[in-house]
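Note that the structure is a prediction, hence the values are computed from the model and not measured. As the structure lists them, so they are numbered: ligands from 1, and atoms in each ligand from 1. The analysis underlying the following values was restricted to heavy atoms, covering all of them including side chains, and did not include hydrogens, waters or symmetry mates.
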Amino acid sequence: MSRPALETRELNKSFGALAVANNIDFRLEVGARHALIGPNGAGKTTFINLITGRLQPSSGRILLAGEDIAGLSQEARVKRGLGRTFQINTLFRGLSVLENVTLAIAERQGVAGGIFRVAGAYRRVAEEAYALLERLRIAEDALKPVRELPYGRQRLVEIAIALGLKPKVLLLDEPAAGVPTPESAIILDLVERLPAEIAVLIIEHDMDLVFRLAQRITVLVQGGVLVEGTPAEIAADARVREVYLGERRHD
Ligand SMILES: Nc1ncnc2c1ncn2[C@@H]1O[C@H](COP(=O)(O)OP(=O)(O)OP(=O)(O)O)[C@@H](O)[C@H]1O
Ligand SMILES: [Mg+2]
């Protein structure tokens, strides 16, 4: 098998006596469309936070393109190609969408410091940013200040910024959560149209979307992998059905 884009080996994390990541062996293949599902509190967000470096594992390894990144800062992981959506409060709310994405790309290219002194460089980066917004079909918002956009549109800007950093792996934790339906459809449409070469790991509760998007699905329960497989295998798995039917009864 070829080297995965991202891999965890025996990844563990405990909060006191509570094991929230329990020996997770996980592989995200290059260019994969992989969903991580499981009931509330299963440890999905924790798993993403361990990969991004927001949380330190109790033990285990995290490999990005075969290299151990467990000791690296969050920023260093982003530079190595680990993309994730940024929290909305990291956007520059007074700046336009285009300026936000331009700054992200400038930072990736390491020209952020001197960029405004070099008009040619600025134009090139802004053009790349604008082309990205066009590809994501949000160019109509390019010149609007982020703070004037509805919440769902701000989440699109977060994804644009993540993509502007040219990730090899993109981690999406419920990208459409809390977004009203018309806008959430735009977000999910964008997720479906992400460049094929990016490996995408998405956490999502909407099973219609999961089954439409994912080629592989990992089911996490109480911090451990219950089962992993193709959508057909997961749909047919009695243990998975039990977890979800059990959950639904408590809703
Ligand atoms: N900083 C923390 N300290 C203590 N416990 C935590 C911390 N963060 C998360 N937990 C616990 O870890 C468990 C897993 O939480 P996590 O947020 O990863 O679940 P999740 O699968 O993302 O759930 P959801 O689907 O609701 O988003 C939960 O029991 C949660 O209460
Ligand atoms: Mg979560």
Side-chain angles (χ1 to χ4, degrees), residues 6-28 32-62 69-70 73-74 77 82-90 151-152 154-155 158-159 162 169-181 183-184 187-188 191 199-214 216-229 231 234-235 237 239-251:
L6 176 74
E7 188 177 5
T8 67
R9 294 190 193 155
E10 296 181 23
L11 196 65
N12 285 288
K13 176 69 178 175
S14 301
F15 292 114
L18 180 70
V20 287
N22 197 351
N23 264 330
I24 301 180
D25 286 318
F26 176 81
R27 288 172 65 101
L28 182 71
R33 293 293 179 270
H34 198 132
L36 182 63
I37 67 172
N40 295 118
K44 304 180 296 295
T45 297
T46 301
F47 182 61
I48 298 258
N49 286 340
L50 290 168
I51 294 170
T52 63
R54 193 162 164 187
L55 287 174
Q56 287 305 311
S58 307
S59 65
R61 301 182 70 197
I62 304 167
I69 58 165
S73 69
Q74 297 187 58
R77 295 179 202 206
L82 184 65
R84 60 184 163 125
T85 47
F86 287 72
Q87 297 298 315
I88 280 183
N89 57 20
T90 67
Y151 178 69
Q154 295 190 15
R155 300 220 67 172
E158 292 178 32
I159 297 176
V169 168
L170 184 61
L171 308 173
L172 297 170
D173 189 353
E174 302 192 40
V179 176
T181 312
E183 285 166 1
S184 71
I187 294 175
L188 300 176
V191 171
V200 179
L201 176 64
I202 184 169
I203 297 177
E204 181 53 58
H205 283 289
D206 178 343
M207 287 303 131
D208 288 340
L209 176 80
V210 165
F211 279 87
R212 202 166 74 217
L213 189 79
R216 289 199 78 72
I217 300 174
T218 296
V219 185
L220 207 63
V221 177
Q222 292 178 357
V225 175
L226 177 72
V227 58
E228 189 201 306
I234 297 301
D237 194 293
R239 291 164 299 174
V240 175
R241 224 173 294 149
E242 182 152 332
V243 165
Y244 275 92
L245 291 176
E247 189 191 28
R248 227 168 264 154
R249 272 202 299 273
H250 297 297
D251 275 352

Examine the side chains of Ser59 and Asn12 and answer whether a donor and an acceptor come within less than 3.5 Å of each other. yes

Give the protein residues with at least one non-hydrogen atom closer than 4.0 Å to an atom of ligand 1, ordered by chain and number. Phe15, Leu18, Val20, Pro39, Asn40, Gly41, Ala42, Gly43, Lys44, Thr45, Thr46, Glu174, His205

Arg84/Arg77 under side-chain contact (heavy atoms from CB on, under 4.5 Å): CA gap, chis, key distance, verdict: CA-CA 10 Å; Arg84 60 184 163 125; Arg77 295 179 202 206; over 6 Å; no

If you count the non-hydrogen atoms of other residues, nucleotides and ligands that lie under 6.0 Å from CD in Gln222, is the total more than 12? no

Spacing of Thr46 atom OG1 and Leu220 atom CG [to the nearest 0.5 Å]: 9.0 Å

Could you tell me whether the side chain of Leu11 reaches within less than 4.5 Å of the side chain of Arg61, counting heavy atoms only? no

Are Asn40 and His205 close enough that some pair of their side-chain heavy atoms sits under 4.5 Å apart? yes

Closer than 2.8 Å to the Mg ion (ligand 2), what protein N/O/S atoms do you find? Thr45 OG1

Give the intermediate values and the outcome of side-chain contact (heavy atoms from CB on, under 4.5 Å) for residues Asn49 and Asp173. CA-CA 10 Å; Asn49 286 340; Asp173 189 353; over 6 Å; no

Test Phe47 against every option in Val20, Leu36, Thr218 by the side chain to side chain contact (heavy atoms under 4.5 Å, CB included) rule and name the one that passes. Leu36

Working to the nearest 0.5 angstrom, can you tell me the gap between Ile37 CD1 and Ile203 CD1? 11.5 Å

